[in-house]
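Worksheet: one structure, shown below.
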Protein chains: 2
Amino acid sequence: MNDAEEMMAGFDRRCREAGLKQTPQRREIYRQMLHCENHPSIEEVYRQVRCMLPHISLDTVYRTLATFERHGIVSQARLFGDRTRYDARTAPHYHFICRECGRVIDVFPDDLDRPEPLPDNRELGMVESCHMEFRGLCRDCLDNS
Amino acid sequence: MNDAEEMMAGFDRRCREAGLKQTPQRREIYRQMLHCENHPSIEEVYRQVRCMLPHISLDTVYRTLATFERHGIVSQARLFGDRTRYDARTAPHYHFICRECGRVIDVFPDDLDRPEPLPDNRELGMVESCHMEFRGLCRDCLDNS
DNA sequence: GTTGGTGCAAAATATTTGCACCGCA
DNA sequence: TGCGGTGCAAATATTTTGCACCAAC
């Protein structure tokens, strides 16, 4: 059983656990999310999924990804000021965005040279989470310049 | 001369430097940005400014804030997945968002308990900047719960 | 007077919702 | 079979653009 098959099997289980019905649309959207190296926008998922399911509607993709996120099956790839993107990797991680080619690369907490800082300010209240977003030039764009 | 007057004088100078014409709309939008404690959305700025200039149009606010940002007079308060907001403080800083009341509080680099981490990963390329966003409960909401 | 700024309206984009029908469990 | 899921279309929200007029320099 290869990786993708394994993950689709995991999808079966998760749907059952969450009480979600399996439909061709949902399977195809999830399969696409696994295939996708980058962090696709909803439009991109829609375009890809339509290759297999020409009848699927855009708002099914919207609703399905929102449902998946509600059940932790995908996560929103939160990018500052960009349109909504999703990610099949649900482990906490950050993003590095190349200002040249726009690629989004995952950065995991272990890749950081020191632990996340937290605001020191007692006045602030209780800090529960920290998101980070790095920008710069990716290796490819650096090499080609 | 109080703070606000001082900053309005700075606005005069900045417009001249940038070759921007001064108009009642621009003055009023900037004045509003100074008044505003929070990080107003474009709609909010629009509603406020209309008290003084009932004829102003929404897209003038859009265009003016974009122009201001281009010239470093205001900065976009970049929040994950929220609508565009602006901020009269242009010094680099991060945001703490209260999950209860939605308030956005500025966090300056000096408020952090350690310096920003950077991705260690040589493969990544060149990291030029890091944005952070903290979430949690602000002091007020903490006290009231 | 010239150039840039504004207001208005319409277009473009992104997302959500109401509703009837269909198909999975 | 019943209920959740889907497709369609329309509504909503946000931002951008074309154009004619006006005002700051």
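Each chain gets a letter, A, B and so on, in the order its sequence line appears, and its residues count up from 1. Computed from heavy atoms alone, side chains included, the values below leave out hydrogens, waters and symmetry copies.
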- Message: Check A:E17 with A:R14, please: is the shortest side-chain N to carboxylate O separation under 4.0 Å?
- Response: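 The answer is no: the pair does not qualify as a salt bridge.
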I need the [atom1]-[atom2] distance between [X] and [N], as an integer number of Å.
{"X": "A:R26", "N": "C:dC22", "atom1": "CZ", "atom2": "C1'", "answer": "14 Å"}
{"X": "A:Y62", "N": "C:dA14", "atom1": "OH", "atom2": "P", "answer": "7 Å"}
{"X": "B:L58", "N": "C:dG7", "atom1": "CG", "atom2": "P", "answer": "11 Å"}

Using only side-chain N and O atoms of [X], determine if any of them is under 4.0 Å from OP1 or OP2 of [N].
{"X": "B:Q25", "N": "C:dG7", "result": "yes"}
{"X": "B:T64", "N": "C:dT6", "result": "yes"}
{"X": "B:S57", "N": "C:dG7", "result": "yes"}

Which nucleotide in [options] has an atom nearest any side-chain atom of [X]:
{"X": "A:D59", "options": "C:dC24, C:dG5, D:dG7", "result": "D:dG7"}
{"X": "A:I56", "options": "D:dG7, C:dG5, C:dC24", "result": "D:dG7"}
{"X": "B:R63", "options": "D:dT15, D:dC19, D:dA23", "result": "D:dC19"}

- Quick one: sort the B:F108 and B:H93 rings into parallel, tilted or perpendicular, breaks at 30° and 60°.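 Ring orientation of B:F108 relative to B:H93: tilted.
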- Would you please classify the geometry between the A:F68 ring and the A:F11 ring as parallel, tilted or perpendicular, with 30° and 60° separating the classes?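 Taking A:F68 first and then A:F11, their aromatic rings stand perpendicular (interplane angle over 60°).
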- Task: Quantify the bending of the helix from C:dG1-D:dC25 to C:dA25-D:dT1 as the angle between its end axes, each fitted on five pairs, to 10°.
- Result: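 For the helix from C:dG1-D:dC25 to C:dA25-D:dT1, the axes at either end differ by 40°.
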- Item | B:E100 atom CD, neighbour heavy-atom count above 12 within 6.0 Å |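 Not buried by this count: 12 neighbours or fewer within 6.0 Å.
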